[in-house]
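No hydrogens, no waters, no symmetry mates; every other heavy atom, side chains included, goes into these values. Chain naming here is simple, since letters A, B, ... match the order of the sequence lines and numbering starts at 1 in each.
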2 protein chains.
Amino acid sequence: MSPARRGQDTRDRVVGAAASLYRRQGCAGTGLAQIAQESGTRVGSIYHFFGGGKDALTEEVVRTSGAAYGALVAGILAEGPEDPVEALGAAFGRAADDLAASGYADACPIATIALEVASTHEPLRRATAEVFGEWLVGLTAFCRGVVDDEAVARDLATAVLTMLEGAFVLSRAARDTTALHAAGRGVVVLASALRDTHAAQD
Amino acid sequence: MSPARRGQDTRDRVVGAAASLYRRQGCAGTGLAQIAQESGTRVGSIYHFFGGGKDALTEEVVRTSGAAYGALVAGILAEGPEDPVEALGAAFGRAADDLAASGYADACPIATIALEVASTHEPLRRATAEVFGEWLVGLTAFCRGVVDDEAVARDLATAVLTMLEGAFVLSRAARDTTALHAAGRGVVVLASALRDTHAAQD
DNA sequence: GTCTATATCCGGATAGAC
DNA sequence: GTCTATCCGGATATAGAC
């Protein structure tokens, strides 16, 4: 393992530790010292990799964990039931299981950051908006398996994402998965209703 | 105006300023010095009213702004269209207007706090969970005007609240109201579909 | 009840040895 | 690339004059 490769590892560990801590405590509630400790390095090393300081690290966390979570959800949907409506419902059940298994910590990796920075830090706000936008592109493509109309599919995708995000808020606060399961049932009813009125021609 | 009454005013101003700042910056991102400045008082005075320090103040903010927002939403629904399904949809339009009018700052008053404290501060987590629970009670009662079945009404209420919370996250991040409007359309479709299958006998 | 002053600690950030 | 040491500001919190 070359020194350059070790450096890359350290950088990745810093991003991973920051992502994990941000997800549970938010950005403002997480200090660089804690990130350094959790990743087994020093604050000085963080500044070696992220000349822009905490803001630069946070932006990278948003982008990398946003991409990772988008891929995770896409994989779950792809491996789920063949009927896309059922697959959407099953994904909420899977999200509920994962959330409970993590002690109600691992929900959306960027939602807390998004709310914290929305009115306080324009570059980070843009980064979160772009991640949500990319997720919506993928979800809309999936929803076109339910309704062929592009605009209706995007509406459905947006509704699905809002229900997932909102259910994460309620479920983490309540420390139970009823909100996620109720949202999953709602998604199935909504998607079915849209499929009935805007039949997909496949 | 008696001194006791003035004291009450100061206390109220502190809670109001903290609520406003928390809504935009979150709890961890807001300092007591800023709250004191915004409410025209001193940090020492905050400790005079809140012996428990920032945690005690934060809990009061959660409970009072939670109650206020619950009453606001109830009023909007009561004054909206007579058809409860249309009233739900209209409420999302109203939320979109209010959010944009406030520069995308005034969304849910406790969502940011809820995500910040969910895994870090058990008493505050409970406080946010209780507020969400009270909102759900009121929303479920309203939804019984759509579907008579108690369990279905609660499912619908939960779905509506998740869509509102999630749409607030997406709309604040994007600084546009498309998510709120899409969620509003989704709520109307979902509520209509449930009304059709579980007809309310009124 | 309100204000000043301050204690104590932790935040982000930096310089420079190695 | 990594580590130590440190600066400086802001954080919560407290003591006590008025």
The test is salt bridge (charged side-chain N to carboxylate O under 4.0 Å, His left out); show your working for R13(A) and E38(A) and say whether it passes.
CA-CA 9 Å; R13(A) 282 205 318 276; E38(A) 206 78 9; over 6 Å; no

Stepwise salt bridge (charged side-chain N to carboxylate O under 4.0 Å, His left out) test for R63(B) and E60(B):
CA-CA 5 Å; R63(B) 298 201 184 277; E60(B) 178 138 334; over 6 Å; no

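In terms of modelled atom types and a separation under 3.5 Å, the side chain of S39(B) and the main chain of A36(B) share a donor-acceptor contact.
When rounded to the nearest whole Å, the span between CZ of R11(A) and P of dT2(D) equals 12 Å. Atom CZ in R42(B) sits about 17 Å away from atom C1' in dT14(D), given to the nearest Å. Rounded to an integer number of Å, the gap from CG of D55(B) to P of dA11(D) is 16 Å. Between the CD atom of Q34(A) and the P atom of dC9(C) there is a distance of 19 Å, rounded to whole Å. Per the geometry, CG belonging to L57(A) stands 14 Å off C1' belonging to dA13(C), to the nearest Å. Atom NZ of K54(A) and atom P of dG9(D) are 19 Å apart (whole Å). As a whole-Å value, the separation of Y47(B) OH from dA13(D) C1' is 4 Å. dG1(C) atom P lies 16 Å from atom CD1 of I46(B), rounded to whole Å.
In the set dG11(C), dA13(D), dC3(C), the nucleotide with an atom closest to the side chain of L32(B) is dA13(D). If you check dA13(C), dT2(C), dT2(D) against the side chain of H48(B), the one that comes closest is dT2(C). Side-chain proximity of T41(A) to dT12(D), dC3(D), dC3(C): nearest is dC3(D).
For the atom pair SG (C143(B)) and CZ (R154(B)), the distance works out to 10.5 Å, reported to the nearest 0.5 Å.
Between T10(A) and the phosphate of dG1(D), there is no side-chain N or O to OP1/OP2 separation shorter than 4.0 Å.
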